[in-house]
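Reckoned from all heavy atoms, side chains included, excluding hydrogens, waters and symmetry mates. Note that the coordinates shown come from a computational prediction; the quantities given were computed from them, not determined experimentally.
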Amino acid sequence: MLKYLIVALALCAVAHADDWTPKTGEEIRNIRVECLKENPLSNDQISQLKNLIFPNEPDVRQYLTCSATKLGIFCDQQGYHADRLAKQFKMDLSEEEALQIAQSCVDDNAQKSPTDVWAFRGHQCMMASKIGDKVRAFVKAKAEEAKKKAA
């Protein structure tokens with residue numbers, strides 16, 4: 001067990017020290033597909049996620065944890081990496097403002113919550129912030145754009 005913990009901490013530290021870059025839209029889509037295969041969701045849950053509604057349910061929490069981990073913005077030893085969150089989701093905010101928001105949502109899991117609960121807590125905080133507002137506006141604009149193309 002101790003050996004596993006040391007390896008996990010080392011991997012997390014290496015991942016945090018590397019030259020991480022924000023993921024592209026295509027990379028994000030691929031990660032979501034992978035995580036959906038690993039953490040199947042019901043049609044209702046998928047529909048809710050498409051509408052940016054994130055129910056606090058084990059399956060959804062595990063899917064979000066998988067996505068955040070594969071995006072490289074969350075690690076089960078350190079939690080969310082505020083710097084990476086800010087770079088990945090700053091939208092049209094300055095990186096400084098996005099970093100302040102991200103830092104306000106990062107916690108050290110002092111209450112020792114399970115990993116999926118910890119990741120979900122940070123996700124909910126980000127979605128309740130100005131960044132969440134920007135993400136919702138972006139997704140809405142993309143959906144309207146897709147409707148116009150289909151018409």
Side-chain angles (χ1 to χ4, degrees), residues 4-36 38-42 44-145:
Y4 169 77
L5 181 60
I6 291 169
V7 169
L9 284 170
L11 288 174
C12 195
V14 167
H16 193 63
D18 67 359
D19 293 327
W20 180 90
T21 56
K23 304 299 182 255
T24 65
E26 184 66 25
E27 288 172 317
I28 292 170
R29 278 187 289 282
N30 291 339
I31 286 169
R32 287 181 178 157
V33 168
E34 285 177 37
C35 288
L36 198 53
E38 293 174 24
N39 303 279
L41 299 175
S42 70
D44 184 51
Q45 288 169 322
I46 292 169
S47 177
Q48 287 180 312
L49 293 183
K50 285 181 180 178
N51 289 308
L52 300 178
I53 298 167
F54 303 94
N56 187 359
E57 299 169 356
D59 294 344
V60 173
R61 292 193 310 261
Q62 290 164 6
Y63 166 78
L64 291 172
T65 302
C66 175
S67 298
T69 302
K70 289 182 186 241
L71 282 169
I73 60 174
F74 181 85
C75 148
D76 66 1
Q77 299 299 314
Q78 295 175 312
Y80 281 103
H81 304 292
D83 56 333
R84 294 178 181 188
L85 274 172
K87 288 177 184 168
Q88 183 70 54
F89 297 108
K90 70 179 187 167
M91 310 300 281
D92 61 355
L93 300 173
S94 71
E95 198 162 316
E96 294 78 31
E97 184 177 8
L99 183 58
Q100 283 182 332
I101 292 167
Q103 286 172 333
S104 74
C105 288
V106 171
D107 73 68
D108 64 358
N109 199 22
Q111 57 270 67
K112 306 290 185 227
S113 302
T115 302
D116 64 317
V117 173
W118 184 18
F120 187 78
R121 185 169 56 241
H123 180 271
Q124 290 299 89
C125 178
M126 289 293 287
M127 289 306 294
S129 74
K130 194 173 185 179
I131 289 175
D133 295 341
K134 300 280 185 183
V135 168
R136 279 186 286 282
F138 175 80
V139 169
K140 184 178 178 184
K142 286 289 186 187
E144 288 172 4
E145 186 181 302

State, to 0.1 Å, how close Leu85 and Ile73 come at their nearest heavy-atom pair, and which atoms those are. CD2-CD1, 3.8 Å

Would the distance check show the side chain of Arg136 and the main-chain N or O of Met127 forming a donor-acceptor pair, the cut-off being under 3.5 Å? yes

Rounded distance (nearest 0.5 Å) linking atom CG of Asn56 with atom NE2 of His123: 11.5 Å

So that I know where these two stand, are Tyr80 and Trp118 an aromatic pair - ring centroids less than 6.0 Å apart? no

Just so I know, are the side chains of Val135 and Ile131 near enough to count as touching, which here means a heavy-atom distance under 4.5 Å? yes

In terms of heavy-atom contacts, Glu95 and Ala86 come closest through O-CB, 4.2 Å

Working to the nearest 0.5 angstrom, can you tell me the gap between Ser94 OG and Gln100 CD? 7.5 Å

Which heavy atom of Leu41 sits nearest to which heavy atom of Leu49, and what is that distance? CD1-CD1, 3.4 Å

With a 4.5 Å cut-off on side-chain heavy atoms, are Tyr63 and Arg32 touching? yes

Closest non-hydrogen atom pair, Pro55 against Ile53: CD-O, 3.3 Å

Find out whether Asp116 and Leu64 are in side-chain contact, i.e. whether some heavy atom of one side chain is under 4.5 Å from a heavy atom of the other. no

For Ser67 and Cys35, the nearest pair of non-hydrogen atoms, with its separation, is N-SG, 3.3 Å

Return yes if some donor-acceptor pair links the side-chain N/O of Arg61 with the main-chain N/O of Ala119 below 3.5 Å, else return no. no

Side-chain contact test, heavy atoms from C-beta onward, threshold under 4.5 Å: evaluate it for Phe54 versus Gln48 and give yes or no. no

With no hydrogens and no angle check, is any side-chain donor or acceptor of Glu27 less than 3.5 Å from a backbone partner on Thr24? yes

Student check: side-chain heavy atoms of Thr65 and Asn39 closer than 4.5 Å: no

Result for side chain to side chain contact (heavy atoms under 4.5 Å, CB included) between Phe138 and one of Lys134, Lys140, Lys142 points to Lys142

Salt bridge or not for Glu38 and Lys70, using N-O below 4.0 Å? yes

Within the 4.5 Å heavy-atom criterion, are Leu71 and Ile28 side-chain neighbours or not? yes

Under a 3.5 Å distance rule, please check whether Asp108 uses its side chain to pair with a backbone N or O of Ala110 as donor and acceptor. yes

Go through the steps for Lys130 and Asp133 under the test salt bridge (charged side-chain N to carboxylate O under 4.0 Å, His left out), then give the verdict. CA-CA 5 Å; Lys130 194 173 185 179; Asp133 295 341; over 6 Å; no

Are Phe74 and His81 close enough that their ring centers fall under 6.0 Å? no

Looking at Met126 and Ala102, what are the two nearest heavy atoms and their distance? SD-CA, 3.8 Å

If only atom types and distance count, is the side chain of Gln88 paired as donor or acceptor with the main-chain N or O of Lys23 below 3.5 Å? yes

Do Ile101 and Phe89 touch side chain to side chain, with heavy atoms closer than 4.5 Å? no

Heavy-atom distance under 4.5 Å between the side chains of Asn109 and Arg121, does that happen here? yes

Examine distances only and state if a side-chain atom of Gln62 and a backbone atom of Asp59 form a donor-acceptor pair shorter than 3.5 Å. no

